[in-house]
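Everything on this sheet refers to the single structure shown next.
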2 protein chains.
Amino acid sequence: MNEVKQKISACIMQRLARYYLCVQRLDSQGAVWVSSQELAAELELTSSTVRQDISHLDFSGISKRGYEVEKLKTILCGVLGLDRINPTVIVGAGNFGRALLLHRNFRENGFEIKAIFDKDPKLIGKNIESYYIQDIKNLTEVVREHKAKIGVIAVPSAAAQETADNLARAGITGILNLSTADIQVPRGCMLVHSRILLDLIRLAFYINM
Amino acid sequence: MNEVKQKISACIMQRLARYYLCVQRLDSQGAVWVSSQELAAELELTSSTVRQDISHLDFSGISKRGYEVEKLKTILCGVLGLDRINPTVIVGAGNFGRALLLHRNFRENGFEIKAIFDKDPKLIGKNIESYYIQDIKNLTEVVREHKAKIGVIAVPSAAAQETADNLARAGITGILNLSTADIQVPRGCMLVHSRILLDLIRLAFYINM
DNA sequence: TAGATTGTTAATCGATTAACAATC
DNA sequence: TAGATTGTTAATCGATTAACAATC
């Protein structure tokens, strides 16, 4: 267990992820230095919060200049677990499954999709760009072969729990659930729910004020 | 401006949305009463938090029995702005756009999708179930006709800002951005970013501990 | 009635912000 | 040097929890 990471609360971690995406963009735009004030403005925070958050990292800025963009990117990458390939599989080759599979952004951040599965015989074997849809029966085998750690549930709600069970049994340790079902996972497996509906509800709350 | 709603912090509101999805399920399962303890267990909170949150609503429970599921559902529905149709349009008929269009869950919660747009001549006019893909040029007209309030950006990042501008100009007041671009919207327009990549990063952080 | 559960107050906890010496 | 920005401490703020009288 990483000592630095243990001191990072869920709430700080989420901001670190956002700093990461921000410095990634700044870096690609050629920025060399970024101050706590600039980061704060980008993410609608105070510069105090930014400095506090960054102080948790094994990294220092420089007075008068701020933080070195490239170094900060590298440090955040490491802390967030993005300094490696995180082999991922997708279960369900419907629209959501395909969307994730083809979205470059995930791959670019190390979420390398190793396979996509479905149980529909009409879909199995079909190609999606360089992938072909595999039979869900091969899940365990493929997950082990590729040492996949992350699994995305993109099946209809009714099949979500069964899919989660299969993923956990195959050795997946992190599940992203894009279905609307509430599912249970065994200890040692981390579950994150997609929040698209919650996001829409957030919009509904504020626009109907 | 609704007085009850103004006292509700963003953090409480997000939990109210989760209570809503939970009591919606309980109701469909035939549950009549639910206690703060039960809700707390479902959402991994304390019963104190649940009672505090619900005390912000114009609604009371009953000692020894808890909260009436159906009434709580109705109240939450009203507070969250889900007691009406929230007419929605989708821009971009790629996989994400289609996935949202066909996902029953959104429609069931009042996010009635009025139209889906694209700028690709090869897609315009094509059918997706009972919809046909419309020319983005008709956006303003269609948004006004249906009094659409919510717009979903499901176009490639490069076109996201332009799409946001068009949506805002057409009178959309809430935007859900599924692209990875950082976009700006005028005052009076609420912007919510999809967090799928952030969710994946959250998984990466914890599974690589 | 006895017991369970609410609503609410007060205490605690943690997150955010302000402030400022250190430093480049 | 003068001025800007960090890192860090202490203060503030808000969210969560504990506790308990009221009540069904």
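Proteins come first, then strands; the chains are lettered A, B, ... in the order of their sequence lines, and each starts at number 1. The analysis underlying the following values was restricted to heavy atoms, covering all of them including side chains, and did not include hydrogens, waters or symmetry mates. Being a predicted model, the structure only gives us computed values, none of them experimental.
- Projected onto DNA chain C by closest heavy-atom contact, A:R15 and B:I62 fall at different nucleotides, the more 5' of which corresponds to B:I62.
- Rounding to whole angstrom units, CD of residue A:E44 and P of C:dT16 are separated by 15 Å.
- Between the side chains of B:Q24 and B:N109, a donor-acceptor pair is found at a separation under 3.5 Å.
- A straight line from CG of B:L57 to C1' of C:dG7 spans 13 Å, rounded to a whole angstrom.
- Comparing A:A10 and A:S48 by the nucleotide of DNA chain C that holds the closest heavy atom to each, the one mapping nearer the 5' end is A:A10.
- Atom CG in A:D53 sits roughly 13 Å away from atom P in D:dT6 (whole-Å rounding).
- Distance from the side chain of A:S63 is smallest to D:dT5 among D:dT16, C:dA19, D:dT5.
- When both distances must be under 3.5 Å, the Watson-Crick or G-U wobble mate of D:dA4 is C:dT23.
- In this structure, B:K73 is not positioned above the aromatic face of B:Y20 in the sense of NZ or CZ being under 6.0 Å from the six-membered ring centre and within 45° of the axis.
- With rounding to whole Å, A:R51 atom CZ is found 11 Å from D:dA4 atom C1'.
- Summarising the base pairing, C:dA18 is matched to D:dT9 through a Watson-Crick or G-U wobble pair whose two defining distances lie under 3.5 Å.
- Computed from coordinates, the B:Q52 CD to C:dT9 P distance equals 10 Å when rounded to whole Å.
- When each of C:dT6, C:dA19, D:dT6 is scored by its nearest atom to the side-chain atoms of A:S36, the top-ranked nucleotide is D:dT6.
- No side-chain donor from either of A:N95 and A:R98 sits under 3.5 Å from a side-chain acceptor of the other.
- Backbone-only engagement by A:T46 is indicated by non-hydrogen atom pairs under 4.0 Å involving sugar-phosphate atoms exclusively.
- B:S9 comes within contact range of the sugar-phosphate backbone alone, with a heavy-atom separation under 4.0 Å but no base atom that close.
- The nearest whole Å value for the distance from the CD1 atom in A:I54 to the P atom in D:dT8 is 13 Å.
- Using a 3.5 Å distance cut-off with no hydrogens or angles, the side chains of A:N86 and B:N208 do pair a donor with an acceptor.
- Listed pair A:Y67 / C:dC24 fails the phosphate criterion, with no side-chain N or O lying under 4.0 Å from OP1 or OP2.
- Between the CG atom of B:L45 and the C1' atom of D:dT17 there is a distance of 12 Å, rounded to whole Å.
- What separates CD of B:Q14 from C1' of D:dT16 is a distance of 17 Å, to the nearest Å.
- Of all nucleotides listed (C:dA18, C:dT16, C:dT6), C:dT6 comes nearest to the side chain of B:S35.
- Between B:S60 and C:dT6 there is no side-chain N or O to OP1 or OP2 distance below 4.0 Å.
- An OP1 or OP2 oxygen of C:dT17 is reached within less than 4.0 angstrom by a side-chain nitrogen or oxygen of A:T49.
- For the 3.5 Å distance criterion, the side chains of A:N2 and A:Q6 fail to qualify, holding no donor opposite an acceptor.
- Within the structure, every side-chain polar atom (N or O) of B:S47 is placed at least 4.0 Å from both OP1 and OP2 of C:dT6.
- Counting only heavy atoms from C-beta on, A:K64 has its side chain closest to D:dA4 among C:dT17, D:dA4, C:dA15.
- A cation-pi arrangement is absent between A:K71 and A:F59 under the rule of less than 6.0 angstrom and at most 45 degrees off the ring axis.
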